[in-house]
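Notes for the one structure printed next.
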Amino acid sequence: MKIPFNKPYMTGKELWYIAQAHQHGWLAGDGEFTKRCHTWLENRTGTHKALLTHSCTAALEMAAILIDLCAGDEVIMPSYTFTSTANAFVLRGAVPVFVDIRADTLNIDETKIEAAITERTKAIVPVHYSGVGCEMDMIMEIAKQHDLIVIEDAAQGIMANYKERPLGSIGHIGTLSFHETKNLISGEGGALLVNDSRFAKRAEIIREKGTNRSQFFRGEVGKYSWVDVGSSYLASELVAAFLWAQLEEADDITSRRISLWNTYHQCLKASESKGWLCRPVVPECCTHNAHMYFVLLPDLIGRTRFIDKLKASQIQAIFHYVPLHKSRAGIRFSRTHGELNVTEDISTRLVRLPLWLGIEDYQAEVIREVIAAL
Ligand SMILES: Cc1ncc(COP(=O)(O)O)c(C=O)c1O
């Protein structure tokens, strides 16, 4: 494809920082670069404690261990999401309970959550689709009323805000992704944001194979040993060094992505007026991070033809999630609450356009071909 859907952006300093880590001779986790990334994340999000992980999937699994789920406990979430959102909880024997999404933001429909709560419900997992915030005030209020934990899946949400609060920092726990398809990247990578200090000490232990090694490194205990369940969820210093080069330029990367997003949005306004497509909706209270630009086409047949036409012009546009409740594992491990009509409808109509730093030279061509294909 001449114009791929995604191209990882490098700031140019990644190898320089990896070389420094190499020179220091500290290659495992929690070295100097990890500490810099932790401090940056804590300052930028206001979280109590940030912990780098090797993926957002790992951070979600840590969250599932942290909240002490028992077999049969339920976790409410949208079905229109990535598998890890649900899988992390299924690994602990819990049951994902899917509710529908809103037709505007494509985020979990906060008005449908309360009716899905049962005696077994332990947590709510809002997913901030495309870096646009869920209706967090209402979700936090519901959680408070019913004594539930909120784990934000902010895999796509770095540098985006809901009511001026960074995504991932509002629930009790938040998770971020630095996978190469995200805005800020380290190949594979992620972070756990421990916003509720109650979980901080145990989060460190779970991340370090169930040991209190983090306390030992800080000189708080004389030796470390196995104290709880856990696994190896740290990112290595090489990954942290790469990520540091990206975090340093987070503002610039985000504003350049927003400019590309705005160009799409402006240029496709007339197509929306003609009823050919619907553009994304960002509520007033949210500042997004231009994680993706998608459009909604009238139906599945139209979407398939649209994708094929762009492909013939060497432009890669792609659809997104197969709703989890329709997937083989989803049918086996989860259940739905109510009809998921919006989820099912959106999943057949949504198409994502290429958005990456460097596409500036080709964006006019993409827009021309998009309008021609419509
Ligand atoms: C909503 C959501 N949650 C979780 C993940 C998993 O992230 P990672 O690839 O860092 O494990 C993704 C990745 O695309 C995602 O989009």
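For ligands, and for the atoms within them, numbers begin at 1 and follow the listed sequence.
- The pair E110-R102 counts as a salt bridge, with a side-chain nitrogen and a carboxylate oxygen less than 4.0 angstrom apart.
- Between atom 12 (C) of ligand 1 and the options F82, F178, Y80, the minimum heavy-atom separation is to F82.
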Inset, instruction - Go through the steps for K13 and E249 under the test salt bridge (charged side-chain N to carboxylate O under 4.0 Å, His left out), then give the verdict. - result: CA-CA 10 Å; K13 282 202 181 160; E249 296 208 9; 5.8 Å; no

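- Heavy atoms of K182 approach ligand 1 to within less than 4.0 angstrom.
- Set against the non-hydrogen atoms of S55, the atoms of ligand 1 under 4.0 Å away are 10 (O), 11 (O).
- The residue among S130, C56, G157, A155 with a heavy atom at the shortest distance from atom 15 (C) of ligand 1 is A155.
- Ligand 1 places these atoms under 4.0 Å from at least one heavy atom of G189: 10 (O).
- The two atoms that bring S130 and M292 nearest to each other are CB-CG, 3.5 Å, heavy atoms only.
- Side-chain contact check for E248 and Y17: at least one donor-acceptor pair (N or O, by modelled atom type) lies under 3.5 Å.
- Between the side chains of S347 and E344, no donor-acceptor pair is found at a separation under 3.5 Å.
- Centroid-to-centroid, the aromatic rings of Y129 and H320 come within less than 6.0 Å.
- Among V127, T57, T175, the residue whose heavy atom lies closest to atom 6 (C) of ligand 1 is T57.
- Compare H179, H54, Q156 by their heavy atoms: the one nearest to atom 9 (O) of ligand 1 is in H179.
- The proximity of T85 to ligand 1, defined as any non-hydrogen pair under 4.0 Å, is limited to the side chain.
- The option with the heavy atom closest to atom 10 (O) of ligand 1, from among S177, S84, A58, is S177.
- Summary of contacts: the protein heavy atom closest to atom 3 (N) of ligand 1 is D153 OD2, 2.7 Å.
- Close contacts of ligand 1 with T81, meaning ligand atoms under 4.0 Å from a residue heavy atom, involve 1 (C).
- Hydrophobic cluster membership is shared by F319 and L297, with clusters built from Ile, Leu, Val, Met, Phe, Trp and Tyr side chains linked at under 4.5 angstrom.
- Distances below 4.0 Å separate heavy atoms of Y321 from the following atoms of ligand 1: 1 (C), 16 (O).
- For E220, the CD atom sits in a packed shell: over 12 heavy atoms of surrounding residues, nucleotides or ligands are nearer than 6.0 Å.
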